[in-house]
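All values reported here derive from a predicted model rather than from experimental measurement. Numbering of ligands and ligand atoms starts at 1, following listing order. Numbering starts at 1 and runs along the sequence shown.
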Amino acid sequence: MKDRNGREINYLRLSVTDRCNLRCVYCMPESGVPLIDHADILSVEEVVRVVRIINDTLNLSKVRITGGEPLVRRGVLQIIKGISLFGIEELTLTTNGLLLQQMSNQLAEAGIQRVNISLDSLRDHRLKKITRRDISLHDIEESIHASLDAGLKPVRINCVLMRGVNDDEINEFLEWGNRIGVTVRFIEHMSSRLNQSIFVSRDEIIEHASHSGIIRRRKDDGGTSGIYTVGDGADTFGIIAPFSDPMCKNCNRIRLSASGMLVPCLASSEEVSIREPVRNGADDESISRLVQQMVINKPDSHGGCVSAAMWKIGG
Ligand code: SAM
Ligand code: SF4
């Protein structure tokens, strides 16, 4: 289905929980966030039903499971199994990787095809500082190997860049990614929690990366990350630049939060609750109408005003 700007909306980001086992400085306060009551979170059956209706309405080509940390959600495998029966072309997941080593085979069996793993530093002391938890590069590398072994390929790494925190690691990340067989995507920090002075722009990322070879941008692939090649073109990396390069004209996504809010855009306050009608006995057709209404009214762009709580609606 197309929105009023003619964009085909066929990608759902599905947040299955607001809970997380890390406290990344750019995402959550150290003390955690006010948690949604369990009773207000969509049950496994409710999530699967709503995704079925969204798929019937929009003919989805992609669903990405996210959170909070999706792998801490009880029932995440059942949710994935349920969704996998709808025959959607791509079923993927974004995770901080901590539980991936033990779950990658089950995720592959349930129907996940590939994973994005968040990793903001290659140095243990920085990882601990950024995530405020005792994690190490070794933990994440083990998860990456487990994912590749389970066939969850290609693995992509999401790295949020912050000035004076990890922006001196761009070239190390490129070298590391090539060595272990993953593609790194650098993300411009969205100013939810930290001072703006830590913002590193797309142009600065390219400038740093050019120390590894000549950087060329690949033809636009229609996604929200620009893909770049290094040197002779064999190696690639991505930049997700919601400020420098918003790509709103190509945006094909909507989001469903764990509590059943449909969100048309990161900057939007026009959320629609699906949980209420679902729990009040609404039939599929009425829920589908709500989805259509939200898609038609999807904002033209976020206009640089990206301050959403990513743990709530999924990054
Ligand atoms: N917990 C999982 C994880 O970290 O991959 C999935 C949810 S997390 C909200 C999804 C993505 O959003 C992560 O790659 C994270 O780095 C990114 N993210 C969260 N807050 C952000 C912010 N303020 N600016 C840019 N990216 C952010
Ligand atoms: Fe948790 Fe992901 Fe947010 Fe980090 S970015 S605190 S891992 S939800």
Side-chain angles (χ1 to χ4, degrees), residues 13-36 63-73 76 80 92-100 103 107 112 114-121 126-135 139-140 143-144 147 152 155-163 165-167 173 182-202 205 224-225 238-246 253 255-258 263 266-267 302 304-315:
R13 286 233 170 163
L14 175 66
S15 174
V16 292
T17 181
D18 59 330
R19 284 154 169 79
C20 189
N21 44 3
L22 297 183
R23 292 286 180 273
C24 302
V25 287
Y26 49 75
C27 182
M28 284 192 181
E30 188 155 17
S31 54
V33 291
L35 294 176
I36 305 169
V63 174
R64 174 173 294 283
I65 315 279
T66 178
E69 172 48 40
L71 300 187
V72 304
R73 162 78 198 243
V76 67
I80 293 164
T92 62
L93 178 125
T94 300
T95 171
N96 61 34
L98 278 192
L99 296 170
L100 197 51
M103 289 182 73
L107 287 167
I112 290 294
R114 55 187 177 76
V115 288
N116 288 358
I117 303 174
S118 300
L119 178 71
D120 300 320
S121 178
R126 289 186 178 176
L127 270 183
K128 290 182 189 7
K129 247 185 160 164
I130 295 169
T131 64
R132 301 195 187 102
R133 289 293 182 270
D134 188 18
I135 73 167
D139 300 334
I140 307 302
S143 285
I144 293 170
S147 305
L152 299 172
V155 169
R156 292 193 184 127
I157 301 298
N158 287 348
C159 172
V160 176
L161 283 175
M162 292 162 278
R163 187 181 311 288
V165 177
N166 62 354
D167 59 334
F173 258 109
V182 297
T183 305
V184 179
R185 301 175 333 151
F186 300 109
I187 305 180
E188 279 183 352
H189 170 253
M190 292 176 245
S191 59
S192 51
R193 302 202 53 77
L194 302 180
N195 192 308
Q196 258 314 96
S197 61
I198 60 137
F199 179 79
V200 181
S201 71
R202 176 197 54 183
I205 297 170
T224 49
S225 89
I239 304 179
I240 300 172
F243 294 99
S244 307
D245 192 7
R253 66 184 62 167
R255 295 159 195 270
L256 179 66
S257 77
V263 184
L266 275 180
H302 59 61
C305 167
V306 181
S307 57
M310 306 296 270
W311 53 268
K312 203 193 242 169
I313 59 168

Review point. For ligand 2, which part of C24 has a heavy atom less than 4.0 Å away: the side chain, the backbone, both, or neither?
Key: both
Review point. Taking atom 27 (C) of ligand 1 as the point of reference, which of V160, I187, T94, L22 owns the nearest heavy atom?
Key: V160
Exercise for review: May I ask which of H189, E69, E188 has a heavy atom nearer to atom 2 (C) of ligand 1 than the others do?
Suggested key: E69
Are the side chain of [X] and the backbone N or O of [Y] linked by a donor-acceptor pair below 3.5 Å?
| X | Y | answer |
| --- | --- | --- |
| R132 | R23 | yes |
| D120 | V160 | yes |
| R19 | I36 | yes |

Review point. Is it true that the side chains of N21 and E69 contain a donor and an acceptor less than 3.5 Å apart?
Key: no
Check your understanding: Just by distance, with hydrogens left out, do R64 and T94 show a side-chain donor and acceptor under 3.5 Å apart?
Key -> yes
Revision key, fill the gap. Between the OG atom in S143 and the CD1 atom in I117, the distance rounded to the nearest 0.5 Å is 6.0 Å
Check your understanding: Hey, what do you get for CG (L161) to CD (E188), rounding to the nearest 0.5 Å?
Key -> 9.0 Å
Taking distance alone, with no angle check, do [X] and ligand 1 share an N/O pair under 3.5 Å?
| X | result |
| --- | --- |
| Y26 | yes |
| D120 | no |
| T66 | no |

Check your understanding: Between atom 1 (Fe) of ligand 2 and C20, is there an N, O or S atom separated by less than 2.8 Å?
Key -> yes
Practice item. Work out whether the distance between some heavy atom of G67 and some atom of ligand 2 is less than 4.0 Å. Key: no
**Study point:** Contact check, G68 vs ligand 1, heavy-atom distance below 4.0 Å
**Key:** yes
Check your understanding: Can you list the residues that meet the side chain to side chain donor-acceptor pair (under 3.5 Å) rule with N158, with sequence neighbours excluded?
Key -> R185
**Study point:** Residue G68 vicinity, atoms of ligand 2 by number, heavy atom under 4.0 Å
**Key:** 8 (S)
Exercise for review: Would you mind listing which atoms of ligand 2 come within a distance below 4.0 Å of any non-hydrogen atom of C27?
Suggested key: 3 (Fe), 5 (S), 6 (S)
Counting from 1, what ligand 1 atoms have a heavy atom of [X] closer than 4.0 Å?
| X | result |
| --- | --- |
| N96 | 2 (C), 3 (C), 5 (O) |
| N158 | 14 (O) |
| G67 | 7 (C), 9 (C) |

Point to revise | Shortest non-hydrogen contact between H189 and F199, atoms and distance | key: O-CD1, 3.5 Å
